[in-house]
**Student:** 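Starting off with a structure, shown below.
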Amino acid sequence: MTAPRATALLLFFAALFAAAPASASLKLCNRTSYILYAAVAAIAKGNTVTQGWTRIAPGSCETAIPTPLKSPPYYVYAQSSRSHSGPSRAWGAGNKFCIKHGNFTLTAPMRSRCAEDAFDVGFSEIATKRKTDFTQTLTEKSSLATLDQARIAGLQRLLSDNGYKIAEIDGNDDKTTETALANFRRKAKLKRKATDADLFTALEKKAGETAAPAGYSVCNATAAPFWAAIGQKNGKDWVSRRWWKVPPSNCATAITDPLDTDRIYVLADLPGKKPLVTGANKFCVTDIAFEIQGRNDCKKRGMREVGFAETNVKGADGYVAKIGPAGLIATPARRNSSSASASRRH
């Protein structure tokens, strides 16, 4: 969930002005080939306020703040959809604000720690120049010079994510792209009048059924939120960490680096109830967010010992631990790729 290192594809912003006095607001436009999810932040009266997520399809614009902008500065953070293959892409800078998995609005005193079910990422400041109406455009590379080129490139990327052979994601409409789109429309049983928005939604949903982005994710396929933790070998020692609150139909990204281990252990807990996912592999946990070195003598160290379930990730650089009402659901792993880029962990 953090911005990739310099070796990875970076997203950056280009600011554009838009005059719309009748409906002043903050708009975000997507000139990339990725479906993006954005969060915005502001500082007001000594408090920080963050809100997410705004989904923005390639080539489109969405309103992130629907009211006139009155309290600059404003900040933005964006990340690519989990339905895309490969390492996740994100943009941000050094302005730390708290975010959560699933839709959220958070208000907290400045410089306070994030709540247990939230974590901080780096946002970039938006140079609104005190305008009450502003449009910020998220861009990927100079070759995608227009929103229409981004729209085509976004379709090409999602077609590729769905297994169609696309020669190059370049934003240029060609016969191969048209044929792949026609085949997908037919298989997805989309109506002839289906809009671009309908097409992006269908492509994202279908890709998300089999996607295993680089790293390790825990996804909630139940009707209620649960808390997740993982355990893994860290050099010669063991480490267990976190509680991630995972809302229904959402995922927590526990590791964003491409995986380089054989096994990762997962726990899904429902406070006051029997765990959704547990196992024979014992790790130490506490009742609040944690990162614990070692898995022995938990009680002597003032912690609880809990069993985690094993997930075999050998040979994969991406794995999704999908959890339903009956526990772990078998999911595909994405095999190691020489083009995979490393990014940081939460």
Side-chain angles (χ1 to χ4, degrees), residues 1-4 6 9-81 89-115 118-142 144-151 154 197:
M1 300 287 291
T2 55
L9 172 67
L10 296 178
L11 300 178
F12 57 93
F13 286 95
L16 299 175
F17 295 96
S23 56
S25 61
L26 175 64
K27 302 177 188 69
L28 300 175
C29 292
N30 181 355
R31 212 171 74 208
T32 83
S33 60
Y34 299 88
I35 291 178
L36 297 176
Y37 288 80
V40 292
I43 299 173
K45 298 180 180 180
N47 290 323
T48 63
V49 182
T50 53
Q51 186 173 5
W53 298 90
T54 300
R55 178 183 179 275
I56 318 167
S60 67
C61 301
E62 301 292 343
T63 299
I65 300 177
T67 55
L69 306 180
K70 296 180 180 179
S71 303
Y74 294 91
Y75 303 85
V76 65
Y77 166 82
Q79 62 188 40
S80 57
S81 169
R89 269 69 175 180
W91 185 93
N95 303 285
K96 296 289 188 178
F97 292 92
C98 300
I99 64 172
K100 292 173 64 174
H101 298 295
N103 293 333
F104 67 90
T105 298
L106 298 173
T107 302
M110 289 181 62
R111 292 179 290 276
S112 63
R113 297 184 64 179
C114 296
F119 54 94
D120 63 14
V121 295
F123 282 60
S124 176
E125 183 175 344
I126 303 173
T128 62
K129 298 182 179 179
R130 295 188 175 275
K131 290 182 174 291
T132 59
D133 187 88
F134 195 80
T135 298
Q136 188 86 342
T137 300
L138 292 75
T139 70
E140 180 186 342
K141 51 188 178 182
S142 59
L144 299 182
T146 67
L147 288 175
D148 190 57
Q149 285 180 309
R151 177 186 64 82

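All values reported here derive from a predicted model rather than from experimental measurement.
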**Student:** Apply the test side chain to side chain contact (heavy atoms under 4.5 Å, CB included) to residues Lys70 and Thr132: give CA-CA distance (whole Å), side-chain angles for both, the deciding distance (0.1 Å), then the verdict.
**Tutor:** CA-CA 6 Å; Lys70 296 180 180 179; Thr132 59; 5.6 Å; no

**Student:** Can you tell me how far OG1 of Thr128 sits from CD1 of Ile126, rounded to the nearest 0.5 angstrom?
**Tutor:**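 Taking CD1 in Ile126 and OG1 in Thr128, the distance rounds to 7.5 Å.
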
**Student:** For Thr107, is there any backbone N or O sitting under 3.5 Å from a side-chain donor or acceptor partner on Asn47?
**Tutor:**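 Not a single qualifying donor-acceptor pair exists.
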
**Student:** Would you name the heavy atoms of Ser112 and Pro109 that are closest together and state the gap between them?
**Tutor:**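 In terms of heavy atoms, the two residues are closest at OG-O, 2.6 Å.
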
**Student:** Is there a donor-acceptor pair closer than 3.5 Å between any side-chain N or O of Glu140 and the backbone N or O of Ser33?
**Tutor:**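 Flag set: sc Glu140 to bb Ser33 pair under 3.5 Å.
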
**Student:** Would a 4.5 Å heavy-atom cut-off, applied to side chains only, mark Ile65 and Ser25 as touching?
**Tutor:**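 In short, these two side chains do not touch, never coming nearer than 4.5 Å.
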
**Student:** Which residues pass the ring-ring contact (aromatic ring centres under 6.0 Å, His included) test with Tyr37, sequence neighbours left out?
**Tutor:**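 For Tyr37 there are no ring-ring contact (aromatic ring centres under 6.0 Å, His included) partners, ignoring immediate neighbours.
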
**Student:** With a 4.5 Å limit on heavy-atom distance, are the side chains of Gln79 and Tyr34 in contact?
**Tutor:**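 In short, these two side chains do not touch, never coming nearer than 4.5 Å.
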
**Student:** Yes or no on side chain to side chain contact (heavy atoms under 4.5 Å, CB included) for Tyr75 and Val40, after CA distance, side-chain angles and deciding distance?
**Tutor:** CA-CA 5 Å; Tyr75 303 85; Val40 292; over 6 Å; no

**Student:** Checking side chain to side chain contact (heavy atoms under 4.5 Å, CB included) for the pair His101/Phe119: CA distance, chi angles, key distance, verdict?
**Tutor:** CA-CA 9 Å; His101 298 295; Phe119 54 94; 3.4 Å; yes

**Student:** Find out whether Asp120 and Phe97 are in side-chain contact, i.e. whether some heavy atom of one side chain is under 4.5 Å from a heavy atom of the other.
**Tutor:**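 Sidechains of Phe97 and Asp120: no contact.
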
**Student:** Flag the pair Lys131 / Leu69 as yes when at least one side-chain heavy-atom distance between them is below 4.5 Å, and no otherwise.
**Tutor:**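 The answer is no, as the side chains (C-beta and beyond) never meet within the 4.5 Å cut-off.
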
**Student:** Compare all side-chain heavy atoms of Phe134 with those of Tyr74 and state whether any distance is below 4.5 angstrom.
**Tutor:**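 Of all side-chain heavy-atom pairs linking Tyr74 with Phe134, none is under 4.5 Å.
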
**Student:** Quick test of your reading of the model: are Lys27 and Asp133 salt-bridged, counting only N-O distances below 4.0 Å?
**Tutor:**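 Looking at Asp133 together with Lys27, the answer is yes, because their closest N to O distance falls below 4.0 Å.
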
**Student:** Could you report the tightest heavy-atom contact between Glu125 and Pro73, atom names first, then the distance?
**Tutor:**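 What the structure gives for the nearest pair is OE2-CB, 3.4 Å.
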
**Student:** What distance do Cys114 atom SG and Leu106 atom CG have between them, rounded to the nearest 0.5 Å?
**Tutor:**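 Cys114 atom SG to Leu106 atom CG measures 8.0 Å (nearest 0.5 Å).
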
**Student:** What is the minimum heavy-atom distance between Ser60 and Ala57, and which atoms define it?
**Tutor:**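 Looking at all heavy atoms of both residues, the closest pair is OG-O, 2.7 Å.
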
**Student:** Could you tell me which non-hydrogen atom of Arg55 sits nearest to which non-hydrogen atom of Glu62, and how far apart they are?
**Tutor:**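 Distance-wise, the nearest heavy atoms are O-CG, 3.3 Å.
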
**Student:** Could you tell me which non-hydrogen atom of Leu28 sits nearest to which non-hydrogen atom of Ala38, and how far apart they are?
**Tutor:**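 Result for this residue pair: CD1-CB, 3.6 Å.
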
**Student:** Within the distance-only criterion (no hydrogens, no angle test), does the side chain of Thr50 pair as donor or acceptor with the backbone N or O of Cys98 below 3.5 angstrom?
**Tutor:**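 Yes, because the side chain of Thr50 sits within donor-acceptor range (under 3.5 Å) of the backbone of Cys98.
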
**Student:** Would you say Asn95's side chain and Phe123's backbone share a donor-acceptor pair under 3.5 angstrom?
**Tutor:**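 Confirmed, Asn95 side chain pairs with Phe123 backbone.
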
**Student:** Atom OG1 of Thr139 and atom CG of Asn30: how far apart are they, to the nearest 0.5 Å?
**Tutor:**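 That separation rounds to 9.5 Å.
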
**Student:** Between Thr146 and Gln149, is there a donor-acceptor pair closer than 3.5 Å when you use the side chain of the first and the backbone of the second?
**Tutor:**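 Answer holds: yes.
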
**Student:** Ala150 and Pro58: which non-hydrogen atoms are nearest, and at how many Å?
**Tutor:**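 Closest heavy-atom pair between Ala150 and Pro58: O-CB, 3.3 Å.
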
**Student:** Counting C-beta onward and ignoring hydrogens, is there a side-chain heavy-atom pair between Leu147 and Cys61 closer than 4.5 Å?
**Tutor:**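 Side chain of Leu147 against side chain of Cys61, heavy atoms only: contact under 4.5 Å found.
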
**Student:** Got a donor-acceptor contact below 3.5 angstrom from the Arg31 side chain to the Leu144 backbone?
**Tutor:**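 Between the backbone of Leu144 and the side chain of Arg31 there is a qualifying donor-acceptor contact (under 3.5 Å).
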
**Student:** To the closest 0.5 Å, what do you measure between CG (Leu36) and CG (Leu138)?
**Tutor:**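 Going from CG on Leu36 over to CG on Leu138, the span is 5.5 Å.
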
